[in-house]
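Notes for the one structure printed next.
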Amino acid sequence: MAKNRSTGSLNKAQEGAVLATDGPILIAAGAGSGKTRVLVHRIAHLIELGVHPDAILAITFTNKAAEEMRSRVTKLIAKNMNRDISSMHRDSRLMPWVGTFHSFAAYILRESGVSLGIPKSFSIIDEEDSLALIKESLRELELDPKQFEPRRIRGVISRKKNELETIERFRIKALEYFPKVVTQVWEHYDEKLKKSKALDFDDLLSYSVKLLADFPDTLDKYQERWKYIHIDEYQDTNLVQYHLTLLLAKKYRNICAVGDIDQAIYSWRGADFRNILHFERDWPDAKLITLEENYRSTQLILNAANAIIVKNKFRVPKNLYSRLESGSKIALFEAAEENEEALFIAELIGRLHKDGIKFTDMAVLYRTNFQSRVIEEKLLELNIPYQVIGTKFYERREIKDALAYLKIALNHDDLISKKRILNMPPRGIGKVLAVRIIAGDELSPKDQKKTDEFNSLIEKIKNSASKTKASGVIKYLIKETGLEDYLNDGTEDGAMRLANIEELVSLGSRHDSKEPPEGISTMLEEVALMSAEDTMKKEENSVKLMTVHAAKGLEFKAVFVAGLEEGLFPHHSILGEEMEMRDEEERRLFYVALTRAKEKVFLSYAIFRTIFGERKINRPSTFLFDIPEDLLEKAPEKIITLE
DNA sequence: TGATCCAGTTTTTTT
DNA sequence: AACTGGATCA
């Protein structure tokens, strides 16, 4: 550990990955094998070799990972070159472009999307808005939402967009009734997006591929700009992302992909880990490097993790090992029901804290978000500080409302946002009137007056946005729209929502240095593409609660994995397609959970659990039987007696 | 128009 | 058990 974490030294494999700067390279990086470190060193090394930072691109899975990479690269370069960090930050051209696929796509579409008829000021809609548009489309097509579930339709369209399918091609193949309905809805939906000058998450990716594929000059421009390309979490790329990568890299062929098939957990989102397997086919001269030494966990934890993952058929054999001493066994706790499980976890966290482990060094992981509730309750009871990585900041209603005002200010045609705030706060524009306004119908004088007032309000905000710094615009908007008065209703809930909007102001202030409309537009973009964790304000000294998916890439001294019951984890979804694949993905997910832990793992399950108000009896997860018994320490004594 | 009530649904994971 | 959307009423 000391060797790897300390200043300079890399192990042989890592060093090889850092030094192989030219040509295609695939790094198979096991969990905790220091891949971020390798990427950071590689980028720093490139810069030292004289590559201009601006010619380096790095795609990460989350904005948080991007942020970390940027700051670590900056520090390393500053150290190596004896430079002042602050002067580097000031000039963004001295930094590589680091971000997620989605933010990258948004970036190039804003810059060059006009060729595709995408205006610079396009809005980005989230999943919720997208679903609302689908519902609206169904309604307008007079299709029964009971018969054609909006979520399912949206799912198909999203999947298709990520497969680079077009409506035209899909229509030809759609012979049965359901696909025909999907085609209709899809067409309607895209039409609505176009009217609003809005793109959904999937459009960002598919349009950027279209842009690069159809416009050679544009492609060339970007190929010339980014000559060194890095893609992290390559196992979780889907077809569009794969094509985007290929297009960008094919000219200079300096592509570095990093990934681990054993940690592929996003197939339900269209990710295909075979992209990794195809790497050698796509780049026959690719250099292959495997990082197998783990610097994170004890060997005992790795033994358990390895025992889990060897059961998968779809993988390239790899054996993670650690030089960290064996450490304590994995604790397994059987609870009668979920309250007892939660109490066990909370109590144990308290005990570990007394033993000197910081709250920040502990995390509770689970398969589904709803499981956090009980655990939160018990942590609250025992006065243990915690933070749930769950609902995203921008998904909160009040935040979306405030953002909608900003979005309209920058994109007048954004009907989706307009609909949202026409009557928010309430100003006498009900459903009927709202529909008429959106449709552009003739209005009664009274209604016209209301509409004019709304429009002039938007005009005022637009005005403010064009000359006030970002935080100032938000402050102005809260007051001027009446949102503040509306939320300030004396209730606790209202106070909380108001506090959230205040938070938005401080988020905006991070962009205050930019020229007026730009601060707001960058903020909107950032906010739209932020993950749950990105938006959490860092609270030191608190236990983190999150899904295993959200925990990807993170590490903690002590990790609790709750709800290890057959059906919950592994999750049994009704979607029976490709059972075996789903099964293996659940297994990988558990593997990811285990490998988050540095020192100690606590596994637990509840015999009875209430889901949807229904009490169900469960068997322990099959995963538990796959861990060799000598690594387990069963049922610690009950810590507290239940009431 | 907007508040209130009831029935039906929800939970897999997320950029 | 909690949240949504639709129906009903003031």
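Keep in mind that what you see is a predicted model, and the values were worked out from it rather than measured. Every chain is numbered from 1, with letters handed out A, B, ... down the list of sequences.
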Looking only at C:dG5, B:dT1, B:dT14, the nucleotide nearest the A:Leu433 side chain is B:dT1
Among B:dT12, B:dT14, B:dT1, the nucleotide that comes nearest once only the side chain of A:Glu586 is considered: B:dT12
It should be established whether A:Thr62 places a side-chain nitrogen or oxygen under 4.0 Å from OP1 or OP2 of nucleotide B:dT15. no
Filtered N/O pairs between nucleotides 6-11 of chain B and protein, under 3.5 Å:
residue : atom : partner  : partner atom : Å
B:dT11  : OP2  : A:Arg151 : NH1          : 3.2

Protein-nucleotide distance (A:Arg397, atom CZ; C:dT4, atom C1'), rounded to Å: 11 Å
Stacking between A:Trp268 and the base of B:dT13 (centre distance under 5.5 Å, interplanar angle under 30°)? yes
Most 5' of A:Ala434 and A:Thr547 on DNA chain B, judged by nearest nucleotide: A:Ala434
By nearest atom, which of the nucleotides B:dT15, B:dT1, B:dT13 is closest to the A:Val432 side chain? B:dT1
What is the distance from CE of A:Met546 to P of B:dT12, rounded to the nearest Å? 21 Å
Spacing between A:Tyr366 atom OH and B:dT12 atom P, to the nearest angstrom: 16 Å
Is the cationic atom of A:Lys544 (NZ for Lys, CZ for Arg) positioned less than 6.0 Å from the six-membered ring centroid of A:Phe556 and within 45 degrees of its normal? no
For residues A:Asn312 and A:Asp262, determine if any side-chain heavy atom of one lies less than 4.5 Å from a side-chain heavy atom of the other. no
Strictly under 3.5 Å: I want the nitrogen or oxygen pairs between protein and nucleotides 2-4 of chain B, one per line.
residue : atom : partner  : partner atom : Å
B:dG2   : OP1  : A:Gly428 : N            : 3.2
B:dG2   : OP2  : A:Asn423 : ND2          : 2.8

Applying a 4.0 Å non-hydrogen cut-off, can you work out what A:Phe101 is touching in the nucleic acid: base, sugar-phosphate, or nothing? nothing
If only side-chain N and O atoms of A:Asn369 are considered, is one of them under 4.0 Å from the OP1 or OP2 phosphate oxygen of B:dT14? yes
